[in-house]
Amino acid sequence: MLASRAYAGAIGQVLGWRQVYWCSVAMMVIVGLVLVRTLPSAPPHSSMSYPAVVRSLPRLLLGNRIVLGVCAAGVVVGAAFGTFWNTLSFVLLHEFDLGPAIVGLFGLVAAASALTSPLAGRLTDRFGPRLGQFTLVGLVLLAWVALAVGPQWIGWFVIGTVLLDVGVWGNQVVNQAVLFGLDSAHHNRLNTLYFFTRFLGIAAGSAFGAQLWDAWGWSAVAALGLLASAVGLPAAVLAAPRSERQHAG
């Protein structure tokens, strides 16, 4: 995912933005053929049909306070994430006159998140999910503080990008750890619920961020990012269980 940003920027710079999509189509076809060849032909045994599994998702979401809280917080933190990455190219192009290739390199700047994700897991194991969420979503909020003053110096964007990705992907590690601490029979459905709601937030942030940029510029985008982070911080902390007993319950 991180490398794709750099690859897309390089292809877009040399061949144009449409060619990025054609390259992606080709890669998806190749991956699809590999999956058809390698995945088992028989589905795993289950007592529930696929439509029944899908129908059970709303009950699973609304019937457990931890699941609902984690997914709701995931929406808000996802919005803070989508707002940034969808509008980053606009501000770098218009404020700093940088092309797609340089914008794509910000994906490599964000590679720090891949290195720090295991630390997020260890932090949660040692001090509990609430402190983990406070620390990681707090980094997302600090990232947007740096990004809000970003047009004054491109270094603020570098700092903000690192903090944002470390916080967002670390937050995802903690969220999945909390969900997978629940009934193992529901893990696949919990994963489905989490990523569905998470990407709803990312899509909403991307859409609103682009509209705000078009209407009022980067200051309005930063205001949305700060608001989403400020709401996401207490939401993520309150959604996390205080103790193993509460988690089991």
Side-chain angles (χ1 to χ4, degrees), residues 1-24 75-117 136-172 198-233:
M1 190 171 185
L2 298 173
S4 69
R5 297 168 185 163
Y7 131 81
I11 296 295
Q13 182 79 46
V14 176
L15 301 178
W17 66 267
R18 287 183 175 84
Q19 306 312 314
V20 177
Y21 288 91
W22 286 116
C23 290
S24 297
V75 170
V76 185
V77 176
F81 181 76
T83 299
F84 170 70
W85 280 107
N86 195 46
T87 53
L88 173 66
S89 56
F90 303 155
V91 69
L92 292 182
L93 173 64
H94 289 280
E95 299 290 342
F96 300 100
D97 197 28
L98 299 176
I102 301 299
V103 174
L105 290 178
F106 271 74
L108 300 181
V109 170
S113 62
L115 302 176
T116 58
S117 290
L136 293 161
V137 184
L139 288 179
V140 177
L141 182 58
L142 287 176
W144 272 108
V145 172
L147 293 168
V149 296
Q152 300 179 18
W153 177 51
I154 196 171
W156 287 118
F157 277 97
V158 175
I159 294 169
T161 299
V162 173
L163 291 177
L164 183 74
D165 263 41
V166 169
V168 165
W169 295 113
N171 163 253
Q172 180 165 296
R198 180 79 153 192
F199 276 92
L200 279 181
I202 293 174
S206 298
F208 286 119
Q211 296 300 318
L212 290 173
W213 166 266
D214 190 51
W216 293 292
W218 181 251
S219 59
V221 174
L224 175 61
L226 285 166
L227 176 62
S229 305
V231 173
L233 180 57

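- Between Leu142 atom CG and Ser229 atom OG the span is 9.5 Å, to the nearest 0.5 Å.
- Under the 4.5 Å side-chain criterion, counting only non-hydrogen atoms from C-beta, Phe84 is in contact with Thr161.
- Using a 4.5 Å cut-off on side-chain heavy atoms (C-beta onward), Val140 and Val168 make contact.
- Using a 4.5 Å heavy-atom cutoff, the side chains of Ile154 and Glu95 are not in contact.
- Contact between Trp216 and Ala220 at its shortest, heavy atoms only, is CB-CB, 3.6 Å.
- Side-chain contact between Ser24 and Tyr7 is present, with heavy atoms from C-beta onward closer than 4.5 Å.
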Pair Arg198-Val77, side chain to side chain contact (heavy atoms under 4.5 Å, CB included): steps then yes or no = CA-CA 8 Å; Arg198 180 79 153 192; Val77 176; 3.9 Å; yes
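- Scanning all heavy atoms of the two residues, the minimum distance from Val137 to Asn171 falls at CG2-ND2, 3.7 Å.
- Counting heavy atoms from C-beta outward, Gln211 and Thr87 have side chains that stay 4.5 Å or more apart.
- Atom CG in Leu93 sits 11.0 Å away from atom CG in Leu88 (nearest 0.5 Å).
- Taken from CG in Leu164 to OG1 in Thr83, the straight-line distance is 9.5 Å, to the nearest 0.5 Å.
- Between Leu141 and Leu226, some side-chain heavy-atom pair lies under the 4.5 Å cut-off.
- Considering all non-hydrogen atoms of both residues, Gly12 and Val20 come closest at N-CG2, 3.7 Å.
- Of all heavy-atom pairs between Val91 and Trp218, the closest is CB-CE3, 4.0 Å.
- With a 4.5 Å cut-off on side-chain heavy atoms, Phe81 and Trp169 count as touching.
- Counting heavy-atom neighbours within 6.0 Å of Tyr21 OH, excluding the residue itself, gives a total of 12 or less.
- Using a distance-only test at 3.5 Å, with no hydrogens or angles considered, no donor-acceptor pair links the side chain of Trp213 to the main chain of Val221.
- Residues Ala210 and Asn86 share a closest heavy-atom pair of CB-ND2, 3.7 Å.
- Side-chain contact between Trp85 and Asp165: present, with at least one pair of heavy atoms (C-beta onward) separated by less than 4.5 Å.
- With a 6.0 Å radius and a threshold of 12 heavy atoms from other residues, nucleotides or ligands, Phe157 has its CZ atom above the threshold.
- Between Val149 and Trp156 the shortest heavy-atom distance is O-CD1, 3.7 Å.
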